[in-house]
Amino acid sequence: MSLPIISIAPWLRTDSDIAARTTTSKALHEACLEFGFFYLDISEFVDPAVPEELTTLARQFFALPQEEKDKISLSHQDYARGYQRLKENVTNGKADNHEGLDFYRPVEHPDKSRPLWGENQFPDSIPGFRDKYEAWSEQMKILGLIVMEAMALGLGMTTEEWLDLRGQVDDSFWVMRAIGYPPLPGDSDGFSCGAHKDYGCLTFLYADPTPSALQVFLPQVEGSAIPDTTGLPAEQGAEEGVWITADPIPGCVVVNIGEMWEVWTNGLYKSTLHRVIHRSSNYRISVPFFFEPNFDAHIKPLAAAKRIQGVAATIPEKQPVVYGDFLLGKVGNNFTGGKGKYDN
Ligand SMILES: O=C(O)CCC(=O)C(=O)O
Ligand SMILES: [Fe+2]
């Protein structure tokens with residue numbers, strides 16, 4: 001079993017071919033219903049050399065001496081923006097075998113004593129790092145809006161409904177992360193990144209070509225592959241399913257939907273558990289971009305999703321959330337040194 005590959009190309013052309021756009025939108029809808037994960041072919045949107053360069057720059061950064069990296073530690077800012085050491089993050093009670101460098105949407109009046117409100121920290125000793133990463137965030141913001149519009153059509157939204165949804169994501173409080181994964185020690189039963197769901201809207205993951213690292217949990221539908229629930233958070237531990245690998249495909253990013261899409265679709269689309277187990281001998285780099293709602297967006301079940309679920313549906317309505325409050329609930333844990341950034 002492997003994840004579907006969907007091309008965003010029809011949504012990039014100005015001479016919009018409605019039939020081709022609809023095909024893409026339907027494929028997005030199916031992928032979100034079934035997997036919550038898909039490959040998005042963006043080869044007509046970005047030159048593949050561009051994200052590849054991001055991994056090269058990240059590799060240079062992670063190769064710096066520890067004290068150099070610590071100069072931009074997230075503890076010097078708001079405990080969210082900056083560098084986090086190997087094993088500093090804990091998911092499901094276990095240390096993750098990765099180090100990372102996190103950037104968030106810049107804010108107008110930075111105040112590092114306030115959670116999330118500090119300033120991004122870039123490794124100035126690496127030429128081009130800041131420019132290239134900032135340019136990538138600009139491109140991914142554009143891609144985010146394009147994919148959201150394509151998904152709105154896939155969900156059967158009217159133009160008016162799409163414009164309302166657009167107003168919730170047009171000033172995305174995005175997050176961008178460079179993650180460095182040394183190989184897991186041979187005798188380790190740990191994780192490079194423990195099982196988690198992404199909490200926001202859309203994740204665009206670019207990773208170096210390392211195979212067999214990222215794994216996606218597919219709940220068991222039919223058939224009888226032996227389920228492996230190792231590493232699942234306790235509350236998911238009883239759910240049967242299989243882990244499949246999602247190896248990188250040239251020209252594509254791996255996309256998954258976060259918990260905000262679960263709220264918008266009243267549970268129709270599922271945010272899917274995933275984890276990283278990197279056992280090959282190389283140092284793996286991934287660069288996820290999290291296209292998130294606006295900080296002040298009010299997220300609640302969309303009429304289009306409820307139309308699909310039907311008027312007679314007895315599905316309990318998902319609780320609305322204000323995205324920024326929800327996010328603070330997540331990183332507040334970080335800020336106080338409690339839970340990890342991937343914990344639910
Ligand atoms: O590195 C990867 O392949 C996945 C990282 C991830 O799931 C995340 O940062 O949310
Ligand atoms: Fe993730």
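Both ligands and their constituent atoms are indexed starting at 1 by order of listing. Each residue takes its place number in the sequence, starting with 1.
Between His98 and ligand 1 there is no heavy-atom distance shorter than 4.0 Å. At a 4.0 Å cut-off, not a single heavy atom of Ala207 sits close enough to ligand 1 to count as contact.
Contact annotation for Ile179 and ligand 1: only side-chain heavy atoms (C-beta onward) come within less than 4.0 Å of the ligand. The proximity of Arg275 to ligand 1, defined as any non-hydrogen pair under 4.0 Å, does not occur for either the backbone or the side chain. Proximity of Val254 to ligand 1, defined as any heavy-atom pair under 4.0 Å, is not found for any part of the residue.
In this structure, Tyr269 has its ring center under 6.0 Å from that of His29. When ring centroids are compared, Phe217 and His274 stay outside the 6.0 Å threshold. A distance of 6.0 Å or more separates the ring centres of Tyr283 and His98. Side-chain rings of Trp117 and Phe295 approach one another, their centers coming within less than 6.0 Å. Tyr206 has its ring centre no less than 6.0 Å from the ring centre of Phe289. Between Phe61 and Tyr83, the gap from one ring centroid to the other is short of 6.0 Å.
At the shortest separation from atom 3 (O) of ligand 1 among protein heavy atoms lies Arg284 NH2, 2.9 Å. Nearest protein neighbour of atom 4 (C) of ligand 1, counting heavy atoms only, is Val276 CG2, 3.8 Å. Closest protein heavy atom to atom 5 (C) of ligand 1: Tyr181 OH, 3.6 Å.
Those atoms of ligand 1 that come under 4.0 Å of a heavy atom in Ser286, given as number and element, are 1 (O), 2 (C). Using a 4.0 Å cut-off to heavy atoms of Pro288, the atoms of ligand 1 that qualify are 9 (O). Listed by atom number, the atoms of ligand 1 under 4.0 Å from Tyr342 heavy atoms are 8 (C), 9 (O), 10 (O). Residue His274 approaches ligand 1 through these ligand atoms, each under 4.0 Å from one of its heavy atoms: 7 (O). Under a 4.0 Å criterion applied to the non-hydrogen atoms of Phe290, ligand 1 contributes the atoms 8 (C), 9 (O), 10 (O). Residue Asp198 has at least one heavy-atom neighbour below 4.0 Å for each of these atoms of ligand 1: 10 (O).
In this structure, Arg21 forms a cation-pi arrangement with Trp11, its terminal cationic atom sitting closer than 6.0 Å to the ring centre and no more than 45° off the ring axis.
In this structure, a donor-acceptor pair under 3.5 Å is present between the side chains of Thr210 and Asn282.
The pair Asp171-Arg105 meets the salt-bridge criterion, with a side-chain N (NZ, NE, NH1 or NH2) lying under 4.0 Å from an Asp/Glu carboxylate O.
No side-chain heavy atom of Met260 sits under 4.5 Å from any side-chain heavy atom of Glu292. At a threshold of 4.5 Å between non-hydrogen side-chain atoms, the residues Met151 and Trp261 count as touching.
Inspection of the environment of the Fe ion (ligand 2) yields the following protein N, O or S atoms under 2.8 Å: His196 NE2, Asp198 OD1, His274 NE2.
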**OP:** Test side-chain contact (heavy atoms from CB on, under 4.5 Å) on Glu99 and Phe62 and set out the steps.
**Re:** CA-CA 8 Å; Glu99 52 189 331; Phe62 291 123; 3.5 Å; yes
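Evaluation of the side chain to side chain contact (heavy atoms under 4.5 Å, CB included) rule for Glu88 yields Leu74, Gln84, Arg85 as partners, not counting sequence neighbours.
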